[in-house]
Amino acid sequence: MKHVLLTGANGFVGKVMRAYLHEAGHRVTCTVSSGSLLQDDVEHVCLDIRDMAAVGLVVQRVRPTHVLHLAAISHVPTSFRDPLLTWQTNVMGSLNLLEAVKRHVPEAFVLFASSSEVYGEAFKAGEPRDESSACQPMNPYAASKLAAELAFLQYFRQGLRGVIARPFNHIGPGQSPDFVTASFAKQIAEIEHGLQPSVLQVGNLEACRDFLDVRDVCDAYMKLLDLADQPADQRVFNVASGQARRIQEVLDELLAQSSLPIVVEQDPQRLRPSDIPFAVGDCRRLQASTGWRPAHALGETLGELLAYWREK
Ligand code: A2R
């Protein structure tokens, strides 16, 4: 049985991950930021990851065998609005955790959730990126994740055990409507409920992205945590479907699941000047190392997403 310290446990991925770890019979200690609380029956502590002393105390007290580090500022526009908060949380927060692990539980295995955003400009090659591709971040979020990756790799070099995951676009119920598929599904549900006119606002529909069901991402994290029991061959793993999907295709699939006639309108506010036309990952390393395969088809995930927003 693992004892996993799960940071960011109340986030989009954290909620699903918690359930997966519990189902697998592991003990989980969740950390949540002081603003968000979990039910009493979930073992949790309030922790601001930027507070070095508090992070040290939690790790010393919990003594996890594994750490899954999800806590972060995860939204690109927020990172532009508040780069200082982004760097303090994503970089210094990670360093606080690394130092605490090194000091109190040096044998623990750490999984850091980075992001496919680290490839940035390199996506312009128009081919799926693998882990050896250049990393050329194009926003403060991506830059902070890459900086944190460098910190993790340095601690790994000094003997700490662990891996870095670079998840591509993960989607599903519970995601903030700041993200594209949730935004579409929420708007369709609101139109169906008569809460907004039959006009759906969109950004760039031509961009191609690599979409994964959040459950498949969590399954990949479960398998990556199991690498603790094997010799460390690789440190960095893309978590990707390897399939390019145009945003237009995703929108069409969602619209096909609604019986209402809906007009699609482009909102200039939703177009990002630095938008990357093609962002797809090569996941062969993860597949070869863990046997992971995505289990959820995009159509199924989009159906569940729409059902979630219809019930909300
Ligand atoms: O804002 P809250 O209360 O929901 O907490 C967020 C938490 N978080 C923090 N926790 C401790 N100390 C902080 N200073 C702090 N700032 C933010 O991180 C939230 O629960 C969690 C991140 O969850 P989401 O924003 O929903 O991200 P998601 O999609 O679950 O992604 C998980 C990880 C992130 O590191 C991404 O950058 C990565 O996967 O790709």
Side-chain angles (χ1 to χ4, degrees), residues 5-21 29-38 42 44-59 67-79 81-97 100 110-119 137 139-149 151-152 163-182 209-218 220-221 224 236-240 279 281 305:
L5 181 67
L6 178 63
T7 72
N10 232 2
F12 170 53
V13 178
K15 287 195 181 91
V16 181
M17 203 59 220
R18 235 156 66 198
Y20 271 48
L21 289 165
T29 304
C30 297
T31 84
V32 294
S33 72
S34 45
S36 54
L37 284 177
L38 293 174
V42 178
H44 70 275
V45 285
C46 289
L47 178 66
D48 185 333
I49 204 76
R50 294 167 299 170
D51 182 340
M52 186 169 84
V55 173
L57 283 174
V58 166
V59 171
V67 178
L68 176 43
H69 183 36
L70 301 178
I73 300 299
S74 66
H75 183 229
V76 172
T78 305
S79 78
R81 270 199 308 277
D82 202 338
L84 209 63
L85 174 72
T86 305
W87 285 83
Q88 280 165 346
T89 309
N90 296 2
V91 182
M92 294 315 295
S94 293
L95 275 163
N96 291 340
L97 195 60
V110 184
L111 195 173
F112 171 55
S114 179
S115 168
S116 59
E117 286 274 346
V118 296
Y119 294 117
N139 57 63
Y141 166 69
S144 72
K145 283 287 178 179
L146 185 59
E149 280 195 16
F152 275 88
V163 290
I164 293 166
R166 291 180 180 158
F168 281 64
N169 297 58
H170 32 305
I171 63 172
Q175 189 173 31
S176 154
D178 289 331
F179 293 85
V180 64
T181 55
R209 291 290 180 268
D210 184 325
F211 289 104
L212 277 176
D213 189 299
V214 64
R215 292 168 292 189
D216 285 325
V217 174
C218 288
Y221 292 170
L224 286 172
V236 183
F237 293 89
N238 282 346
V239 182
L305 186 63

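Counting starts at 1 for both ligands and their atoms, following the listed order. FYI, side chains are in, hydrogens and waters are out, and symmetry mates aren't considered; it's all heavy atoms of this structure.
- Remark: ligand 1 atoms within the under-4.0 Å shell around heavy atoms of Thr89 are 14 (N), 15 (C), 16 (N).
- Listed by atom number, the atoms of ligand 1 under 4.0 Å from Arg50 heavy atoms are 14 (N).
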Step-by-step side-chain contact (heavy atoms from CB on, under 4.5 Å) determination, Asn96 to Ile49
CA-CA 7 Å; Asn96 291 340; Ile49 204 76; 5.6 Å; no

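- When the heavy-atom distances from atom 38 (C) of ligand 1 to Ser115, Ser114, Ser74 are ranked, the shortest goes to Ser114.
- Under 4.0 Å from ligand 1, not a single heavy atom of Gln175 appears.
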For Arg50 and Leu85, run side-chain contact (heavy atoms from CB on, under 4.5 Å): C-alpha distance rounded to whole Å, both residues' side-chain angles, the deciding distance at 0.1 Å, then the answer.
CA-CA 9 Å; Arg50 294 167 299 170; Leu85 174 72; 3.2 Å; yes

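- The OG atom of Ser114 sits 3.5 Å away from the CD atom of Glu149 when rounded to the nearest 0.5 Å.
- Close contacts of ligand 1 with Phe12, meaning ligand atoms under 4.0 Å from a residue heavy atom, involve 26 (O), 29 (O), 30 (O).
- Residues meeting the ring-ring contact (aromatic ring centres under 6.0 Å, His included) test with Tyr20, sequence neighbours left out: none.
- Under 4.0 angstrom from ligand 1, there are no non-hydrogen atoms of Thr7.
- Checked against salt bridge (Lys or Arg N to Asp or Glu O under 4.0 Å), Asp51 has no partners two or more places apart in sequence or in another chain.
- At distances below 3.5 Å, at least one donor-acceptor pair connects side-chain atoms of Thr7 with backbone N or O atoms of Leu70.
- Listed by number with element, the atoms of ligand 1 under 4.0 angstrom from any heavy atom of Asn10 are 20 (O).
- Considering backbone and side-chain atoms alike, Asp48 places an N or O below 3.5 Å from some N or O of ligand 1.
- When the heavy atoms of Asn90, Leu47, Leu70 are ranked by distance to atom 35 (O) of ligand 1, first place goes to Leu70.
- Side-chain contact check for Arg18 versus Asn10: some heavy-atom pair is nearer than 4.5 Å.
- The shortest N/O to N/O separation between Lys145 and ligand 1 falls below 3.5 Å.
- Residue contacts with ligand 1: Ile49 is placed with a nitrogen or oxygen under 3.5 Å of a nitrogen or oxygen of the ligand (distance criterion only).
- The closest approach between any non-hydrogen atom of Pro167 and ligand 1 is below 4.0 Å.
- Counting heavy atoms from C-beta on, the side chains of Arg166 and Val118 come closer than 4.5 Å.
- Put simply, the side chain of Arg209 does not reach to within 4.5 Å of the side chain of Phe168, judged on heavy atoms.
- Any N or O atom pair closer than 3.5 Å counts here, and Ala72 shares at least one such pair with ligand 1.
- Near Ser33, meaning under 4.0 Å from any of its heavy atoms, are these atoms of ligand 1: 2 (P), 3 (O), 5 (O), 9 (C), 10 (N), 11 (C).
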